[in-house]
Amino acid sequence: MATMRTPIESGVPDNKQYLHPLMARNYGNWKYHDRPRPGVLHHVAHSGDQIWTVRAGTQRQMDLFTIRKLCDIADTYADGHVRFTIRSNIEYMVSDPTRVEPLIEALTTNGFPVGGTGNSVSAIAHTQGWLHCDIPGTDASGAVKALMDELHEEFIKEEMPNRVHLSTSCCEINCGGQADIAIIVQHTKPPKINHDLVANMCERPTVVARCPVAAIRPAMVNGKPSLEIDESKCMCCGACYPPCPPMQINDPENSKLAIWVGGKNSNARGKPTFMKMVASGLPNNAPRWPEVSAMVKKILTTYKADARSWERMADWIDRIGWPAFFEKCDLPFTKYLIDDWRGSRASLNASTHIRF
Amino acid sequence: MSKKQHDTPMLDQLESGPWPSFVTGLKRLAKDSEYMTDLMGQLEHSYKTRKGYWKGGTVGVFGYGGGVIPRFSEVAEMFPASKEFHTLRIQPPAGMHYNTDVLRKMCDIWEKHGSGLIAFHGQSGDIMFQGASTANVQGAFDELNELGFDLGGAGPAVRTSMSCVGAARCEQSCYDEARAHRQVLNTFLDDMHRPALPYKFKFKFSGCPNDCMNSIQRADMAVIGTWRDNIRTDEALARKWFDKHGMTELVNDVVSRCPTKAIMLKESKDVCRGAKISSVAVSDTNSLEIDNGNCVRCMHCINVMTGALGTGVDKGVTILMGGKRTLKIGDLMGTVVVPFLPMKTDEDYEALVEIGQKSIDFFAENALEHERTGEMIERIGLINFLEGIGLEIDPSMVSTPRTNPYVRTDGWDDEVAKINARKAAA
Ligand code: HEM
Ligand code: SF4
Ligand code: SF4
Ligand code: SF4
Ligand code: SF4
């Protein structure tokens with residue numbers, strides 16, 4: 001029996017104790033920055049102080065050896081301070097420019113690619129997958145590793161028209177988030193119900209309420225209270241699974257991957273946008289998901305070649321129009337890409353604006 | 001240890017290639033740990049059969065109701081050592097700054113009590129200490145807690161928050177994100193640690209409209225820095241930028257990309273003067289002129305000409321409510337509920353906390369079970385939400401006024417009187 005220790009409800013730790021001293025000194029007083037080379041940021045404060053940041057990719061799910069190695073590098077070259085970015089890159093800050101090259105060298109030789117700044121393809125935000133979630137249709141760390149191997153060059157260079165953010169999610173709930181390109185697992189068949197278990201395991205009213213399209217009804221099956229699905233309504237979201245695991249949604253054959261593009265959270269130029277689905281039905285082909293990598297790369301190379309400087313994926317598509325996007329990326333536009341959910345008419349073309 | 005490693009032909013393929021491999025990390029841990037050996041076995045089994053094998057359950061630490069994500073294996077007969085593989089969600093310091101001393105201490109704790117696998121960070125911002133047995137969860141938490149860290153949120157609770165690097169190193173920062181993050185979140189620890197809300201509630205803090213924390217799409221309450229006065233300029237840096245980039249880029253990448261056409265390129269002698277005009281010479285003949293009354297603070301020109309153009313000095317935040325991901329009615333973007341809240345004094349930070357408090361109280365009382373703030377707002381209408389938390393309406397809250405006529409307006413005259421009275425008092 002563990003001791004009954006009352007927790008110290010300390011909440012968010014004060015980050016002042018961890019800040020690089022030069023950053024603490026110039027807190028709120030930065031003037032501008034530039035990027036001397038990909039992976040390196042150079043910030044100048046109003047005081048005239050300068051700091052160089054070296055950014056490197058990590059595998060996010062790290063073992064102790066990796067974290068201690070990153071710490072060794074920080075102790076040798078960066079006065080023992082680091083921070084992480086929202087995309088699980090690590091950043092080392094140094095006040096002495098002569099340390100930048102040795103730091104890059106140390107990171108690179110230890111297998112941490114330096115990049116992810118400016119107009120690069122940064123590391124992929126991702127979810128839990130088979131390593132830890134209870135409803136994943138696929139793995140996330142593996143799909144990300146496989147894809148980042150392919151995109152490594154675009155991570156260490158800044159050759160895209162604007163920054164590119166990617167994310168992957170291992171089910172349609174999409175913990176992964178909005179991105180310029182997102183890869184999301186999609187179930188394509190309604191859940192299979194194990195009726196013997198429903199009565200014991202599921203709070204049936206909760207499950208019925210959870211379905212976004214009201215496809216679930218209570219039913220008696222083999223004399224026991226269970227649930228039934230109106231399969232013509234079900235759009236296979238899997239939301240019924242967490243409160244009712246006997247409604248098995250995962251399916252090794254029919255879980256497919258879909259690609260979404262044009263999400264952007266920044267307010268720069270246009271308002272933030274949601275990403276849109278442009279392809280589906282890609283096979284869940286572990287461990288390297290080659291079909292997914294090929295399609296993502298095709299979209300990226302088309303964007304790289306066709307977009308103008310500063311156009312994010314969304315800005316580019318806005319300029320050239322969706323028909324051209326599908327044409328140039330060699331993607332079939334199927335009827336499933338025309339929205340039929342609530343509010344869908346807002347996504348239809350209510351004008352004669354058509355490019356020929 | 002003597003335990004034989006499972007064959008992992010599929011995972012092995014994820015060791016090649018230039019990107020750092022989590023599989024190599026897992027293998028290193030598995031060398032001395034039966035726990036991780038079996039974890040790898042189960043993961044390989046998932047790769048082979050294309051199915052996940054974890055199920056939830058209940059595991060927690062004494063005194064708290066959430067923050068630990070329990071995982072029990074459904075294939076424990078094949079991989080018995082890793083049959084329990086729970087995750088502790090631990091709140092990061094604002095801006096995710098660390099020193100190596102604290103990271104090493106975290107590693108030591110997780111070596112002793114856990115699997116040795118740590119994710120920096122999850123999509124909500126937690127440090128995820130992945131993989132502890134039920135018996136070890138309390139010990140791991142106790143030591144992390146003594147080190148100054150606390151559990152984050154899970155379940156129907158206030159969730160862990162994130163803030164950008166902001167004031168610590170970014171010239172675009174319009175408030176003290178770390179302070180706001182800490183002050184707001186630490187007010188709601190009870191709602192984080194003892195989940196009793198209708199569903200999750202997330203705060204995120206970005207220092208400017210670049211919104212590096214993606215708060216607008218993912219936070220129930222997004223706090224985004226902005227400014228009210230004029231864009232600042234620096235002629236030396238503007239000239240330097242122009243020397244390097246030239247007229248074509250100035251026109252195509254700066255002037256013509258302004259969404260509201262607030263920027264004009266002029267001959268310096270023709271530049272207008274006025275309270276809302278900023279201008280800066282880029283050469284001996286040409287200047288940029290910005291009509292700040294028509295600038296929507298989108299950040300584009302400031303991002304392109306960093307230092308030459310900068311955010312203003314009358315800084316504060318815009319607050320948007322109701323952003324969320326997919327379940328249940330689809331993705332929702334946050335909606336402006338406070339166009340501008342200054343962030344200068346202690347009282348301003350308290351006012352921010354108070355808006356958070358009122359929102360959570362209203363959410364707790366009015367949302368249906370498993371309904372996010374954005375869905376509640378859609379169901380009851382923005383006006384009911386604003387009145388519920390005591391915020392005044394503002395035309396900046398809409399893209400357009402209503403386009404459908406299905407509305408009763410019998411209170412119109414009273415509303416006009418109220419608004420006129422408010423204007424007169426201002
Ligand atoms: C059932 C098992 C689930 C697991 C294991 C799971 C796991 C996770 C994890 C580990 C994170 C990152 C957490 C962190 O950083 O602290 C996350 C984030 C998230 N989860 Fe889940 N999740 C589950 C269900 C759901 C459901 C049902 C929803 C939506 C209804 C959901 C929506 C999200 C969203 C939107 C995020 C991203 C949050 C953000 O950007 O702030 N998840 N999830
Ligand atoms: S995206 Fe789905 S499967 Fe993946 S972690 Fe989130 S809830 Fe789990
Ligand atoms: S998978 Fe989704 S749509 Fe289908 S029954 Fe379950 S909750 Fe409803
Ligand atoms: S959100 Fe703005 S202030 Fe914060 S890090 Fe990004 S650019 Fe800087
Ligand atoms: S910040 Fe203002 S002036 Fe600059 S591009 Fe955006 S809207 Fe135009």
Side-chain angles (χ1 to χ4, degrees), chain A residues 2 4-13 15 18-19 23 27-28 30-33 43 58-67 71 74-75 80-84 111 130 134 136 141-142 145 148-149 152 173-175 178 212 239 250 252 265-269 272 274 284 286-287 309-310, chain B residues 10 13-14 17-20 22 25 28-29 46-47 50-52 54-56 62-63 91 93-100 103 107 111 116 119-120 123 138 142 145 148 150 167-169 171 178 182 185-186 189 209-211 214 216-217 253 257 259 298-300 306-307 325-328 331:
Chain A
M4 299 297 229
R5 173 187 165 282
T6 310
I8 307 162
E9 230 157 317
S10 49
V12 185
N15 68 0
Y18 304 124
L19 284 185
M23 278 160 51
Y27 197 86
W30 294 95
K31 182 165 165 64
Y32 73 98
H33 80 278
H43 283 85
T58 74
Q59 60 272 55
R60 190 180 89 145
Q61 335 255 16
M62 293 187 279
D63 64 310
L64 299 172
F65 179 87
T66 301
I67 299 168
C71 287
D75 287 339
H81 295 275
V82 299
R83 68 174 292 272
F84 289 90
W130 287 328
D134 58 356
S141 330
K145 158 70 180 154
M148 283 315 291
D149 278 342
H152 175 257
I173 287 170
N174 187 12
C175 303
Q178 289 285 342
N250 275 319
N265 50 291
S266 160
N267 290 265
R269 299 169 305 284
F274 283 128
N284 191 7
S309 57
W310 291 96
Chain B
M10 294 188 96
Q13 292 184 46
L14 289 169
W19 195 255
F22 72 105
R28 258 185 316 243
L29 293 170
S46 277
Y47 269 71
R50 285 189 262 177
K51 278 178 75 171
W54 296 110
K55 59 175 188 274
F62 177 70
Q91 294 186 72
M96 296 169 173
H97 300 273
Y98 300 91
N99 59 28
T100 51
L103 289 176
C107 287
E111 185 161 34
F120 286 97
Q123 295 298 312
Q138 185 72 46
D142 286 346
N145 196 212
D150 199 359
R169 199 198 55 207
E171 70 271 18
R182 197 155 176 251
L185 265 285
N186 288 357
L189 292 179
N210 283 326
D211 194 8
N214 196 352
I216 206 159
Q217 289 157 334
D253 290 347
R257 290 209 183 284
C298 87
M299 294 304 296
H300 173 76
T306 145
R325 300 311 330 279
T326 310
L327 256 189
K328 171 174 176 176
D331 291 15

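Bear in mind the structure is a predicted one, so any value in this text is a computation, not a measurement.
Panel note: side chain Asp150(B), backbone Ser10(A); a donor-acceptor pair is recorded below 3.5 Å. In this structure, the side chain of Arg83(A) engages the main chain of Gly95(B) through a donor-acceptor pair within 3.5 Å. Distance alone, capped at 3.5 Å, is enough to place a donor-acceptor pair between the Lys145(A) side chain and the Trp19(B) backbone. Within the 3.5 Å criterion, the main-chain N or O of Pro7(A) finds no donor-acceptor partner in the side chain of Asn145(B). Remark: the backbone N or O of Pro93(B) is not paired with any side-chain donor or acceptor of Asn15(A) at under 3.5 angstrom. Formation of a donor-acceptor pair under 3.5 Å by the Asp63(A) side chain with backbone atoms of Leu29(B) is not found in this model. With Asn186(B) contributing its side chain and Val12(A) its backbone, the two residues share a donor-acceptor pair below 3.5 Å.
Of all non-hydrogen atoms in Arg5(A) and Phe62(B), the two that sit nearest each other are O-CD2, 3.3 Å. The nearest pair of heavy atoms linking Cys107(B) to Ile67(A) is SG-CG2, 3.5 Å. Nearest heavy atoms, Asn267(A) versus Cys298(B): O-CB, 3.4 Å.
Looking at heavy atoms from C-beta onward, Pro18(B) lies in side-chain contact with Asp149(A) at the 4.5 angstrom threshold.
The choice from Gly17(B), Ala119(B), Pro20(B) that makes the most heavy-atom pairs within less than 4.5 Å of chain A is Pro20(B). Of the listed residues Gln61(A), Met23(A), His81(A), Arg269(A), the one with more heavy-atom pairs under 4.5 angstrom with chain B than any other is Arg269(A). Interface remark: of the candidates Leu103(B), Ile216(B), Leu185(B), Asn99(B), Asn99(B) forms the most heavy-atom pairs closer than 4.5 Å to chain A.
A perpendicular orientation is assigned to the rings of Tyr98(B) and Phe84(A), their planes being inclined by more than 60° (bins at 30° and 60°).
Residue His43(A) touches chain B through its side chain alone, counting heavy-atom pairs closer than 4.5 Å. Contacts of Lys51(B) with chain A are made by both backbone and side-chain atoms, with heavy-atom separations under 4.5 Å.
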